[in-house]
Amino acid sequence: MSTFVALFTISLNAILAENFILVKFLGICPFMGVSKKTDTAFGMGLAVIFVMGLASAATWAVNEFLLVRLNLEYMQTVVFILVIAALVQFVEMFLQKALPALYQALGIYLPLITTNCAVLGVALLNIQNGYTFIESVIYGVTGGVGFTLAIVLFSSVRERLEDCDCPKAFKGFPLALIAAGLLALSFLGFSGFKVFG
């Protein structure tokens, strides 16, 4: 299989068939918390794309050049969390200076990217799947694109649900959970998806 086809397959899997939120159920906290407004959800998605891409590159390099060479593979989770925390601090400082409105809109959920299991999950899955550096970065970025796709789709559904006429018991969070379940079911349709051959 050519390199392009392999990267294309990794990308489609990360966005659709193995979506971090709707298939792997990683990153549910920001998915439920930041999805009330589409513009905030989109901003969160862009921050996650950036962090997942950087985290994939940084954790792959740390694992390959430090942990493997020193036989410290058992420290992957702890080291990866530290690397991700440092990257999120960088993103947070950048957004505070460059885009203060988005920084205020994201609120507490921006620091929560540090503990977002989707970001840690992409770093660990890169190692588990034996991806090269380029494959790791592509998987991280497209995993973030899949995260963004899911959260933006869900936020647009939630915005429309605000105006719907439904029983009082379903208003708010219960209806959001039902919508999330239906959205996850729709993404399960991609589970048997094959790109080539």
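Keep in mind the model is a prediction, meaning the values are calculated, not measured.
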Taking Asn13 for its side chain and Glu18 for its backbone only, find out whether a donor-acceptor pair lies under 3.5 Å.
no
Honestly curious: do Leu87 and Met93 fall in one hydrophobic cluster under the side-chain, below-4.5 Å linking rule?
no
Considering all heavy atoms, the nearest Ala180-Leu22 contact
O-CD2, 4.3 Å
Evaluate the side-chain proximity of Phe154 to Val152: yes if any heavy-atom separation is below 4.5 Å, no if none is.
no
Angle class for the Trp60/Phe133 ring planes (parallel below 30°, perpendicular above 60°, tilted otherwise)?
perpendicular
Counting C-beta onward and ignoring hydrogens, is there a side-chain heavy-atom pair between Phe147 and Ile49 closer than 4.5 Å?
no
Hey, what do you get for CD1 (Ile84) to CG (Leu120), rounding to the nearest 0.5 Å?
5.0 Å
Less than 4.5 Å apart, any side-chain heavy atom of Lys24 and any of Leu125?
yes
Heavy-atom pair with the smallest gap, counting every atom of Met52 and Val119:
CG-CG2, 4.0 Å
Which heavy-atom pair separates Ser136 from Ser56 by the least distance, and what is that distance?
O-CB, 3.3 Å
At their closest point, which heavy atom of Ala41 faces which heavy atom of Ile151, and how far apart are they?
O-CG2, 3.6 Å
Going only through I, L, V, M, F, W and Y residues with side-chain contacts under 4.5 Å, is there a path from Val68 to Val62?
no
I want to know whether Phe20 and Tyr139 have ring centres closer than 6.0 Å.
yes
For Lys171, look at atom NZ and say whether over 12 heavy atoms of other residues, nucleotides or ligands are found less than 6.0 Å away.
yes
If you define the side chain from C-beta out and look only at heavy atoms, does anything of Leu26 sit under 4.5 Å from Ile21?
no
Calculate, to the nearest 0.5 Å, the distance between atoms CG and OG1 belonging to Leu82 and Thr77 respectively.
11.0 Å
Within this structure, what is the CD-CZ distance for the pair Glu64 and Arg69, rounded to the nearest 0.5 Å?
7.0 Å
If Ile, Leu, Val, Met, Phe, Trp and Tyr residues are connected whenever their side-chain heavy atoms lie under 4.5 Å apart, and connections chain through other members, are Val122 and Ile134 in the same group?
yes
Closest non-hydrogen atom pair, Leu175 against Cys166:
CD2-SG, 3.8 Å
Is it the case that more than 12 heavy atoms not belonging to Met75 sit under 6.0 Å from its CE atom?
no
Measuring from Leu183:CG to Leu185:CG, what's the distance to the nearest 0.5 Å?
9.0 Å
Determine the sole option in Val83, Ile81, Ile127 for which the side chain to side chain contact (heavy atoms under 4.5 Å, CB included) test with Thr59 is passed.
Val83
Give the ring-plane orientation class for Phe190 versus Phe187, where under 30° counts as parallel, over 60° as perpendicular and anything between as tilted.
perpendicular
Measure the CG-OG distance between Leu153 and Ser35 for me, rounded to the nearest 0.5 Å.
11.5 Å
Run Val79 and Leu67 through side-chain contact (heavy atoms from CB on, under 4.5 Å) and show every step you take.
CA-CA 9 Å; Val79 172; Leu67 299 178; 4.1 Å; yes
Give a yes or no on whether the backbone of Ile10 and the side-chain of Glu135 come within a donor-acceptor separation of less than 3.5 Å.
no
Spacing of CZ belonging to Phe4 relative to OG1 belonging to Thr9, to within rounding of 0.5 Å
9.0 Å
Tell me whether Phe65 shares a hydrophobic cluster with Phe80, the cluster being built from Ile, Leu, Val, Met, Phe, Trp, Tyr side chains joined at under 4.5 Å.
yes
Val48 and Gly144 have their tightest heavy-atom pair at CG1-CA, 4.4 Å
Path from Phe173 to Val157 over hydrophobic side-chain contacts below 4.5 Å
no
